[in-house]
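A quick write-up on the structure given underneath.
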Amino acid sequence: MAAASCALSSSASAVRSATLLSGNQVAAVDRYNSSRRVHSTNKEWNSFTQVAPRSPSSPSQRNTKGWTDGNGVEDSRVVAQLRNIAFAAKDRSEMHAIIGVQRDNWNKLCHMTVNMTTIAAAMLAAMNNGVAGSTSASLGMSMAAFLLNGGAAGFMFLASKFQPSQLAEEQRTASRFFKMLARDIETTLLIDPRLRKAVHLYMDDVMDRLEALDVAFPLPLTPNGLVKFPKEVVPSVLGSTAELSETEILANNTNGWSNAMVQDLKHTAKKLKESDIEIYLGWARNKERDNKRLAMLAPVLAGSAALLSLLGCCQPGIHLAALASACSIAAVFGSSFSNGGQIGMIFELYRNCAGYYEQMVQDIQSTIRVPVCQREDGELYHQKIALKLGRRDNMPLFSSEEKTAGKLF
């Protein structure tokens, strides 16, 4: 009996130990499964919150014309280079504006000095004719009139050579075109890279325009200053003058371009070259011819008045003082028409207007000779040309009955 009870107790303890072991195993399995569920949940959450990288092969990123990298990020080096050019253009614009104000002050000072000096000499010459009997008074007035007329003739010669009104207009125009270049760069950096011109073409274009403006509007008066009375009047060179290839690439309704748009731009460039540019060059030639005559006449009249005043000292009875007074008054009118009327400024204004349209012609011709995929967006470019001409963005830009393409000036 005792043995049987011991066997039964040992078997019961074995059952209990087996039951306890199974419970421990079940608890371990439950903990393992719980940890796997937590790990799986965290992994799924991380995969959900993680942003997938953009594929560089998407169509919106392939047509970037060199402005962005493979991930669609804009090239910071190119942007920094263009901003440096824009800063240089702004600095030049401010510099030319300051010098323009200074040279405009020169023009006003020179004009007032010449007029006051010549009028004083004319008055002295007229008074000298009335006191011809007094030798000492006549000699003093004649010498004073001679010096005043001689000084006025010298001032008139310098004004005729350097044309202060034309110098001021040169600097004002330079300031405007440099400011226009800086704003063009800033506006280009604000629009979508897909709508811009290819980066290498645009970089070359802005550098050519910057260098062309430096040459077209020099700062020194001499020896590299602009010729005030050129033998041949030509438009101002405001852009690149590189020779263009003869091949024209037709558009195929991509990048905003179409063949009808290209034909309209070609017709606009032809009208500008045959009509608008020739009109302003003709006006510039007329003003240059008139200015040259007045620039020669005024110093000659003042010099003649000085010579007559000097001769009046030796021969007071021949009424040379009256002739000297008349020449002085005529010199005042000649100088007033030339410098006070700012004929040199008007000549420079017409020449720059012709240069403005000539630069547009060069831009159109160079644009239609590059591949369509590298051009600026066609619709934006057509609108830009229309606004520069002072017109609405219509197709065509102007009717066949109109004599000129531009309406801005």
Side-chain angles (χ1 to χ4, degrees), residues 65-68 73-107 164-193 195-221 224-226 235-242 345 348-349 351-364 366-367 376-377 380-381 383-390 408-409:
K65 304 177 183 178
W67 291 94
T68 59
V73 180
E74 197 165 21
D75 192 344
S76 58
R77 186 184 300 275
V78 173
V79 174
Q81 291 175 348
L82 287 174
R83 286 177 177 167
N84 287 336
I85 298 174
F87 177 79
K90 286 182 178 180
D91 182 68
R92 283 170 169 81
S93 174
E94 184 177 358
M95 179 171 55
H96 282 278
I98 293 173
I99 296 178
V101 173
Q102 179 195 33
R103 292 182 178 177
D104 186 55
N105 292 334
W106 286 0
N107 180 43
S165 65
Q166 187 173 343
L167 292 175
E169 178 62 22
E170 290 173 6
Q171 302 307 313
R172 285 192 294 263
T173 305
S175 177
R176 183 169 66 90
F177 280 113
F178 276 116
K179 190 179 297 184
M180 185 186 302
L181 175 59
R183 288 176 178 173
D184 186 0
I185 296 174
E186 293 173 352
T187 304
T188 300
L189 294 177
L190 291 177
I191 64 176
D192 193 305
L195 302 178
R196 305 172 189 170
K197 185 188 294 187
V199 62
H200 67 281
L201 296 176
Y202 186 73
M203 188 73 72
D204 293 340
D205 180 46
V206 294
M207 282 303 302
D208 289 341
R209 287 170 61 185
L210 185 68
E211 294 174 354
L213 290 176
D214 285 334
V215 175
F217 303 103
L219 289 175
L221 295 176
N224 297 321
L226 294 179
S236 302
V237 181
L238 305 178
S240 175
T241 58
M345 182 273 292
E348 185 67 20
L349 178 64
R351 195 173 68 92
N352 289 329
C353 289
Y356 176 82
Y357 287 136
E358 180 69 24
Q359 198 268 335
M360 289 182 61
V361 172
Q362 293 286 335
D363 188 31
I364 292 173
S366 62
T367 298
E376 183 181 357
D377 181 79
L380 290 181
Y381 183 78
Q383 182 191 37
K384 184 187 297 185
I385 295 297
L387 293 175
K388 286 183 177 180
L389 294 175
L408 185 59
F409 304 124

Quick one: closest heavy-atom pair of R351 and L226, and the distance? NH2-CD1, 3.6 Å

Applying side chain to side chain donor-acceptor pair (under 3.5 Å), run through E169 and T173 and close with a yes or a no. CA-CA 6 Å; E169 178 62 22; T173 305; 3.2 Å; yes

As an exercise, state the distance from CG of L167 to CG of D104, rounded to the nearest 0.5 Å. 10.5 Å

Kindly say whether G355 contributes a backbone atom to a donor-acceptor pair with the side chain of N352 at under 3.5 angstrom? no

Of the non-hydrogen atoms in L210 and F178, which two are nearest, and what is the gap between them? CD1-CE2, 3.7 Å

Just by distance, with hydrogens left out, do N107 and S165 show a side-chain donor and acceptor under 3.5 Å apart? no

Looking at every heavy atom in both L238 and A216, which two are closest together, and how far apart are they? CD2-CB, 4.5 Å

Once side chain to side chain donor-acceptor pair (under 3.5 Å) is applied, what residue pairs with a partner in residues 85-103 remain, sequence neighbours excluded? K90-E186, R92-D214, S93-S175, H96-Q171

Classify the angle between the aromatic ring planes of F177 and Y356 as parallel (below 30°), tilted (30 to 60°) or perpendicular (above 60°). tilted

Taking only distance into account, with no hydrogens and no angle test, what donor-acceptor pairs under 3.5 Å do side-chain atoms of residues 81-88 form with protein atoms, sequence neighbours excluded?
from	atom 1	to	atom 2	distance (Å)
N84	ND2	A80	O	3.3

Sorted by chain and residue number, the salt bridge (charged side-chain N to carboxylate O under 4.0 Å, His left out) partners of D192 (sequence neighbours excluded) come out as R194

Identify every side-chain donor-acceptor pair in residues 197-208 under 3.5 Å, counting partners at least two apart or on other chains, and give the distances.
from	atom 1	to	atom 2	distance (Å)
Y202	OH	D184	O	3.4
Y202	OH	T188	OG1	3.0

Heavy atoms only: give me the nearest A168-G100 pair and the separation to one decimal. CB-O, 4.0 Å

Can you list the residues that meet the salt bridge (charged side-chain N to carboxylate O under 4.0 Å, His left out) rule with E74, with sequence neighbours excluded? R196

Tell me, which pairs form a salt bridge (Lys or Arg N to Asp or Glu O under 4.0 Å) where one or both residues lie in residues 173-183, sequence neighbours left out? none

